[in-house]
Amino acid sequence: MKKKIEKSAEEWKKDLTPEQFHVCREKGTEPAFTGEYAHSKEPGVYKCVACGNQLFDSNTKFDSGTGWPSFYQPIESESVATAEDRAYGMVRTEVMCNACGAHLGHVFKDGPNPTGLRYCINSVSLRLDKKI
Ligand SMILES: [Zn+2]
């Protein structure tokens with residue numbers, strides 16, 4: 001069981017940019033094709049921008065054509081948490097950082113092999129640790 005990070009909204013506001021706060025803590029979505037990592041193919045590990053938890057390996061990133069970074073699996077099943085999201089009249093599965101609860105994006109069942117999953121993640125929620 002990983003250590004959980006809990007901070008108040010005020011504390012998060014101090015630690016995050018307004019854009020990061022909006023996506024991670026208010027479940028916002030960055031506009032498609034605007035994110036820093038939408039088309040990135042650089043090798044490395046994508047970490048939670050809020051707490052540094054390792055989330056996705058660049059090996060599992062694929063071009064989904066959606067305009068958001070897309071992965072077919074998290075680094076470990078424990079890296080992320082999921083929850084049902086019924087906002088905007090849709091039933092979707094929300095993906096969160098399992099360490100700090102930051103909203104990352106959603107997971108859909110139309111991804112490629114081997115998992116058939118598509119983790120559709122906001123660039124704003126991620127920080128790429130590049131491999132040297
Ligand atoms: Zn986190």
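What's counted below: heavy atoms across the whole structure, side chains too, no hydrogens, waters or symmetry copies. Quick caveat, the model's predicted, so the values are computed rather than measured. Atoms within a ligand are numbered from 1 in the order they appear, just like the ligands themselves.
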> Relative to the ring of Tyr37, is the ring of Tyr46 parallel (under 30°), tilted (30 to 60°) or perpendicular (over 60°)?
Replying inline: perpendicular

> How are the rings of Phe108 and His106 set to each other: parallel, tilted or perpendicular (split at 30° and 60°)?
Replying inline: tilted

> Taking Glu11 for the side chain and Ser8 for the main chain, is one N or O donor matched with an acceptor at less than 3.5 Å?
Replying inline: yes

> Once rounded to 10°, what is the value of the angle centred on the Zn ion (ligand 1) between Cys51 SG and Cys97 SG?
Replying inline: 100°

> Hey, is there an N, O or S on Cys24 sitting under 2.8 Å from the Zn ion (ligand 1)?
Replying inline: no

>> Between Asp85 and Thr93 (side chain of the first, backbone of the second, donor and acceptor by atom type, cut-off under 3.5 Å), is there such a pair?
In response: no

> Between SG of Cys100 and SG of Cys48, what angle is found at the Zn ion (ligand 1), rounded to 10 degrees?
Replying inline: 110°

